[in-house]
Amino acid sequence: MKLLIFSCLLPIPTSALTLITFDVDGTLVKGSGQSARSAHAKAFSVAVGQVLADGPPVSPVAEAIPVHLYHGSTDGLIVLRLAKATLGMDSTEAYKRLDDLFACMFQYISSCSDEEIAQHISPLPGVIDQLKTLAKMKEVKCGLVTGNVEGIARQKMKAVGIFDTNALSPPCPTQRQWPGVEDYAFLGAFGSDYCSGDIENIERNHLDRGEQISIATKRCQNVLSNAAELKRVVHVGDAPADVLAAKWFSSENNDNNICVGMVAVATGSYSADELRELAGSRIPGRWEPVVLETGMADPSFLSACGVI
């Protein structure tokens, strides 16, 4: 009996866990969600026209606003910018209808088949194989940090086969419900989770995403058992906003036990040199960025994430 009591007082051994969060467009899939031909892009136009003007779809994102205002941004900021560009609507007014806009976008995507959703987007080289490997790693959690509305992200991951890799970890119970795609839920933080509403300050492109990394980190910690401790958070993304968001999170994160990594992939619209300059110098144990020219097709991807 004494031995039993003594053993119960021993500290529970903890395993060090890594959270890897992925951007979507330009990182996991080629083809932009804002391409005028994609189902995702059409969802923006339909939502702004229907919710804010009770009319037909407005002009596509790629035609109505400059590329730097949507690439690497979040669906919330993009839809507000589209409303201003096409309807002349002040963002403070459109912001009041943001949940309705998200719901309409999701409803539109839900009316599309997997084939329609997957048109003009497909997994980038190396993505499926790397995710299948990550799915087998017990001390790694994977999720998305993306500007996509959560329900839309679920449908895109299902349509292009990424969900079937089993790499994406189960969701946190606090994540929103999206009717019809409950079976395709996974961990992460999304454009529907946070939107500052500030479309005038270009820095909000990365600051809003930085808030998403923080949300994803907290959600991951909430689902961990007492036998696991989050020691590393790695964001994988292709845009300057991804790099700057992770860098901001590394400076704002108050948990000194967490190292923030960044794997910047030059598989989108930006060169490796551009991403490397934004990442800046490595601070061991605090900020550890790596730039990969060929993205997840690089054989050193898992090493860059710090998981092997």
Side-chain angles (χ1 to χ4, degrees), residues 18-34 67-74 121 123-131 133-134 140-148 153 162 167 188-189 191 202-214 216-217 232-253 258-308:
T18 296
L19 169 65
I20 303 177
T21 62
F22 295 90
D23 169 54
V24 176
D25 299 312
T27 300
L28 292 178
V29 301
K30 63 181 177 181
S32 171
Q34 286 75 50
V67 65
H68 71 280
L69 292 182
Y70 63 81
H71 193 92
S73 190
T74 66
I121 61 172
L124 281 157
V127 166
I128 297 297
D129 288 342
Q130 298 283 18
L131 290 177
T133 300
L134 285 169
V140 176
K141 295 280 188 183
C142 293
L144 298 189
V145 163
T146 172
N148 291 187
I162 287 176
I202 192 64
E203 291 190 351
R204 289 313 317 182
N205 277 6
H206 77 265
L207 293 175
D208 278 26
R209 189 165 296 235
E211 295 285 358
Q212 290 178 297
I213 297 176
S214 179
T217 299
R232 186 175 181 84
V233 175
V234 180
H235 184 56
V236 183
D238 72 295
D242 289 299
V243 177
L244 295 174
K247 194 173 185 179
W248 174 86
F249 177 68
S250 74
S251 65
E252 294 295 316
N253 174 44
I258 294 180
C259 174
V260 179
M262 173 70 212
V263 180
V265 294
T267 47
S269 302
Y270 301 91
S271 70
D273 287 340
E274 288 176 285
L275 298 173
R276 192 174 291 111
E277 182 177 355
L278 290 171
S281 301
R282 183 176 184 268
I283 305 173
R286 185 72 184 179
W287 169 240
E288 299 183 352
V290 178
V291 179
L292 299 179
E293 187 95 35
T294 57
M296 292 176 67
D298 192 307
S300 67
F301 173 73
L302 295 177
S303 176
C305 291
V307 295
I308 61 170

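All figures in this text were calculated on a predicted structure; none of them were measured in a lab.
- Take T18 and apply the side chain to side chain contact (heavy atoms under 4.5 Å, CB included) test, not counting sequence neighbours, and it matches I20, R232, V234, V307.
- Across G237 and T27, no two heavy atoms sit closer than the pair CA-OG1, 3.3 Å.
- Side chains of S271 and E274: a donor-acceptor N/O pair is present below 3.5 angstrom, by distance only.
- Between the OG1 atom of T267 and the CD atom of E293 there is a distance of 10.0 Å, given to the nearest 0.5 Å.
- Looking at heavy atoms from C-beta onward, V29 lies out of side-chain contact with L124 at the 4.5 angstrom threshold.
- Contact detail for A266 and A272: the closest heavy-atom pair is CB-N, 3.7 Å.
- Contact check for H71 versus D238: side-chain heavy atoms found under the 4.5 Å cut-off.
- Between the R282 side chain and the P289 main chain, no donor and acceptor come within less than 3.5 Å of each other.
- Proximity of V127 to I162: side-chain heavy atoms (C-beta onward) are separated by under 4.5 Å at one or more points.
- Pairing each heavy atom of G191 with each of Q212, the nearest pair is N-NE2, 3.1 Å.
- Of all heavy-atom pairs spanning A167 and C142, the tightest one is O-CB, 3.2 Å.
- Between V265 and V236 there is a side-chain heavy-atom pair separated by less than 4.5 Å.
- Inter-residue side-chain proximity for D273 and L275 is flagged as unmet; no heavy-atom pair is nearer than 4.5 Å.
- Side-chain atoms of R286 do not come within 3.5 Å of backbone N or O of C259 as any donor-acceptor pair.
- One distance of note links OG of S303 with CD1 of I308; it measures 5.5 Å at 0.5 Å rounding.
- The two residues A241 and G72 come nearest to each other via the heavy atoms CB-O, 3.2 Å.
- The pair K30-D25 does not count as a salt bridge, with every side-chain nitrogen at least 4.0 angstrom from each carboxylate oxygen.
- Residues meeting the side chain to side chain contact (heavy atoms under 4.5 Å, CB included) test with T133, sequence neighbours left out: M137, L302.
- By the 4.5 Å heavy-atom criterion applied to side chains, H235 and V145 are counted as neighbours.
- Taken from OG in S250 to CD1 in I283, the straight-line distance is 6.5 Å, to the nearest 0.5 Å.
- Rounding to the nearest 0.5 Å places CD1 of I213 at 13.5 Å from NZ of K247.
- Remark: S251 pairs with no residue by the side chain to side chain contact (heavy atoms under 4.5 Å, CB included) rule, at least two apart or across chains.
- Under a 3.5 Å cut-off, the side chain of D242 and the backbone N or O of A239 do form a donor-acceptor pair.
- The shortest non-hydrogen separation linking L292 to S300 is CD2-OG, 3.8 Å.
- Interatomic distance, F22 CZ to L28 CG, rounded to the nearest 0.5 Å: 6.0 Å.
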For a side chain to side chain donor-acceptor pair (under 3.5 Å) check, start with the C-alpha distance between D23 and T146, then their side-chain angles and the critical distance, and finish with the verdict.
CA-CA 5 Å; D23 169 54; T146 172; 4.5 Å; no
Check against side-chain contact (heavy atoms from CB on, under 4.5 Å), T21 and L144
CA-CA 5 Å; T21 62; L144 298 189; over 6 Å; no
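- Taking a 6.0 Å sphere around CD of E252, one finds it holds more than 12 heavy atoms contributed by other residues, nucleotides or ligands.
- Using a 4.5 Å heavy-atom cutoff, the side chains of M296 and V263 are not in contact.
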What do the steps show when you test T217 against F249 for side-chain contact (heavy atoms from CB on, under 4.5 Å), and what is the final call?
CA-CA 10 Å; T217 299; F249 177 68; 3.5 Å; yes
Show your working on side-chain contact (heavy atoms from CB on, under 4.5 Å) between M262 and W287 and close with a plain yes or no.
CA-CA 8 Å; M262 173 70 212; W287 169 240; 3.4 Å; yes
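- For the atom pair SG (C305) and CD (Q130), the distance works out to 8.0 Å, reported to the nearest 0.5 Å.
- For the pair Y270/L278, no side-chain contact is recorded, criterion being any heavy-atom separation below 4.5 Å from C-beta on.
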